[in-house]
Amino acid sequence: MPAYLALVLHAHLPFVRHPEHERFLEEDWFFEALTETYLPLLDVLEGLARDGIRYRLTFSLSPTLLSMLSDPLLQQRYRDYLDQRLHALAGEHERTLGDPDFHPLVQFYTERYQHLRRRFVDDCAMDVSQSFRRLMEAGHIEIITCAATHGYLPLLAVNEESLYAQLAMAVRTHERILGRRPRGIWLPECGYFPGLETVLAQFGLDYFFVDTHGLLNADPRPKYGVHRPVRTPGGPAVFARDYESSKQVWSTDEGYPGHAAYRDFYRDAGFDVDAPHMHTLRHAGIATFTGLKYHRITGKTDLKEPYHPERARACAADHAAHFAHNRAKQLARLAASFDRSPIVVCPYDAELFGHWWFEIGRAHV
């Protein structure tokens with residue numbers, strides 16, 4: 001009996017676009033996610049396709065994120081963002097000459113940002129949404145939608161017009177940018193209320209996702225728990241998060257991303273380095289995150305050790321193998337006790353990979 005593993009990545013950012021300002025701090029959220037998550041994920045997915053590896057992945061791109069990815073102003077500003085960091089890295093190259101720990105890191109980031117700039121400008125023609133579209137049209141990924149502004153639908157349901165507007169705009173934006181209507185939807189914060197499935201069906205949405213308790217607390221309780229989809233009275237099917245695989249990745253104490261060898265997200269050169277070439281990355285003269293991070297997690301201490309990318313990457317390979325091994329054992333266990341094919345649904349925020357867990361988002365440099 002076959003058994004299935006479903007990887008679902010939910011990609012969303014709030015809409016931030018301020019043409020009235022030359023630079024706007026909150027736009028950096030979008031630029032950081034492009035740098036650390038969306039472009040690196042494209043590297044991974046397109047690399048698999050080039051190598052002839054058959055894979056299937058569900059990827060939600062929220063309407064606000066799709067709109068920003070396809071916006072010419074934000075595209076130009078992101079190119080400038082990359083150029084600013086390359087300029088700062090030239091200064092860092094001189095500052096760290098002779099330092100055995102930090103100079104190799106500066107070289108690492110320089111190669112990385114050069115690669116990202118070529119990737120964005122030359123390969124993607126500055127529109128990452130269309131690169132994801134090509135992967136969808138090739139059959140490698142299924143792109144689903146989300147509510148228009150990631151509004152929490154159980155709260156918006158008190159006003160039917162708001163609920164319908166969130167879904168109508170989501171479907172319209174998806175079709176306008178990606179060329180086809182979405183078949184599925186990621187409910188914001190996995191928020192469900194009885195009857196929502198009937199509204200989803202009116203927009204041609206065939207399936208959605210809920211958290212673990214969304215199915216385990218259902219009445220009647222599903223025979224197969226979260227390891228089979230359930231057809232709702234309104235028509236669409238519902239899939240639920242598998243708790244075991246989620247805990248392995250997300251748990252602060254037991255999850256992979258907290259390993260001491262991995263890059264520390266919060267320790268940033270923007271706060272550590274007081275030099276003119278780094279001041280150009282500040283906003284209104286105030287230090288902020290730059291994306292240049294030279295230290296590893298080390299442990300629950302303020303004394304952080306230098307980051308070593310290749311050691312961390314080897315650790316990530318071990319963790320990936322451990323995850324795959326455990327999922328294979330889990331699926332075999334479920335298949336042995338079920339009378340039909342089980343499915344383990346592993347949904348994660350896309351930004352976990354590359355942004356919070358830097359090493360998993362690296363396919364190149």
Side-chain angles (χ1 to χ4, degrees), residues 8-20 24 26-27 29-30 33-34 37-38 58-75 127-130 132-133 136 141-211 213-215 218 229-241 347-351:
V8 183
L9 299 185
H10 172 51
H12 164 70
L13 287 175
F15 188 80
V16 182
R17 181 182 186 274
H18 288 273
E20 70 276 17
F24 198 80
E26 291 176 352
E27 290 179 354
W29 298 347
F30 174 55
L34 267 169
T37 296
Y38 309 138
T58 301
F59 208 113
S60 82
L61 293 173
S62 71
T64 51
L65 177 57
L66 274 176
S67 297
M68 290 191 292
L69 289 173
S70 57
D71 182 81
L73 175 65
L74 291 176
Q75 291 167 358
D127 191 343
V128 174
S129 71
Q130 297 310 296
F132 282 114
R133 177 177 177 171
M136 175 187 70
I141 64 175
E142 170 89 359
I143 303 181
I144 62 175
T145 191
C146 185
T149 63
H150 212 269
Y152 189 60
L153 300 183
L155 288 180
L156 295 177
V158 298
N159 185 319
E160 191 175 75
E161 289 184 354
S162 294
L163 178 65
Y164 275 80
Q166 286 279 332
L167 296 172
M169 182 58 71
V171 170
R172 189 182 312 156
T173 302
H174 193 96
E175 187 172 20
R176 174 175 59 84
I177 296 175
L178 298 176
R180 65 175 65 170
R181 294 176 68 85
R183 293 182 55 226
I185 185 169
W186 179 275
L187 302 181
E189 309 304 331
C190 294
Y192 168 80
F193 64 90
L196 175 59
E197 69 275 9
T198 302
V199 183
L200 299 179
Q202 294 178 38
F203 290 95
L205 296 164
D206 298 331
Y207 61 91
F208 60 97
F209 297 88
V210 296
D211 220 327
H213 60 269
L215 275 191
V230 171
R231 181 67 67 181
T232 63
V238 54
F239 295 82
R241 181 196 307 272
Y348 306 108
D349 286 348
E351 292 78 20

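This structure is a prediction, so every number in the text was calculated from the model and none was measured. Residues: numbered from 1 along the sequence shown.
Taking both residues in full, the closest heavy atoms of Leu69 and Asp127 are given as O-OD1, 3.5 Å, listed atom of the first, atom of the second, then distance. Nearest heavy-atom pair, Gly234 versus Thr198, reported as atom, atom and distance to 0.1 Å: CA-OG1, 3.8 Å. Listed here is the closest heavy atom pair of Ile144 and Gly184: CB-O, 3.2 Å. For Ser70 against Ser129, the heavy-atom pair with the smallest separation is CB-OG, 4.0 Å. Between Thr173 and Ser67, the shortest heavy-atom contact is CG2-OG, 3.8 Å. Nearest heavy atom pair, residue Phe30 against residue Leu13, reads CA-CD1, 3.6 Å.
With sequence neighbours excluded, the residues that form a side-chain contact (heavy atoms from CB on, under 4.5 Å) with Asp349 are His10, Trp250, Glu351. Annotation: ring-ring contact (aromatic ring centres under 6.0 Å, His included) contacts of Phe132 (sequence neighbours excluded): Phe59. Judged as a ring-ring contact (aromatic ring centres under 6.0 Å, His included), and not counting sequence neighbours, His213 has no contacts.
Atom CD1 of Ile141 sits about 9.5 Å away from atom CG of Leu9, to the nearest 0.5 Å. Atom CZ of Arg133 is separated from atom CE of Met136 by 6.0 Å, given to the nearest 0.5 angstrom. Atom OG of Ser62 and atom CE of Met68 lie 6.5 Å apart (nearest 0.5 Å). From Arg176, atom CZ reaches atom CZ of Arg181 across 14.0 Å, with rounding to the nearest 0.5 Å. Annotation: the span from His174 atom NE2 to Ile143 atom CD1 amounts to 6.0 Å, rounded to 0.5 Å. Taking CG of Asp71 as the start and CZ of Arg17 as the end, the distance is 4.0 Å to the nearest 0.5 Å.
Under the 4.5 Å side-chain criterion, counting only non-hydrogen atoms from C-beta, Arg241 is in contact with Cys190. Contact annotation: the side chain of Thr232 never approaches that of Leu200 to less than 4.5 Å [non-hydrogen atoms, C-beta and beyond]. With a 4.5 Å cut-off on side-chain heavy atoms, Pro14 and Thr64 do not count as touching.
Only one option out of Trp186, Tyr192, Phe193 pairs with Phe208 in a ring-ring contact (aromatic ring centres under 6.0 Å, His included); it is Tyr192. With respect to Phe203, the side chain to side chain contact (heavy atoms under 4.5 Å, CB included) criterion is satisfied by exactly one of Val171, Ile185, Thr145: Val171.
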Item to check | Chi angles and distances behind the side-chain contact (heavy atoms from CB on, under 4.5 Å) call for Tyr38, Leu65 | outcome: CA-CA 11 Å; Tyr38 309 138; Leu65 177 57; 3.5 Å; yes
Checklist entry - What's the verdict on side-chain contact (heavy atoms from CB on, under 4.5 Å) for Val238 and Glu197, showing C-alpha distance, side-chain angles and the deciding distance? => result CA-CA 9 Å; Val238 54; Glu197 69 275 9; over 6 Å; no
Next on the checklist: Would Arg183 and Tyr207 count as a side-chain contact (heavy atoms from CB on, under 4.5 Å) here? Give the steps.
Outcome noted: CA-CA 7 Å; Arg183 293 182 55 226; Tyr207 61 91; 4.1 Å; yes
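Not one N or O on the side chain of Glu142 forms a donor-acceptor pair closer than 3.5 Å with the backbone of Thr58. One N or O on the side chain of Gln166 and one on the backbone of Thr149 form a donor-acceptor pair closer than 3.5 Å. Between the side chain of Glu27 and the main chain of His18, a donor-acceptor pair closer than 3.5 Å is present. Distance alone, capped at 3.5 Å, is enough to place a donor-acceptor pair between the Gln130 side chain and the Ile177 backbone.
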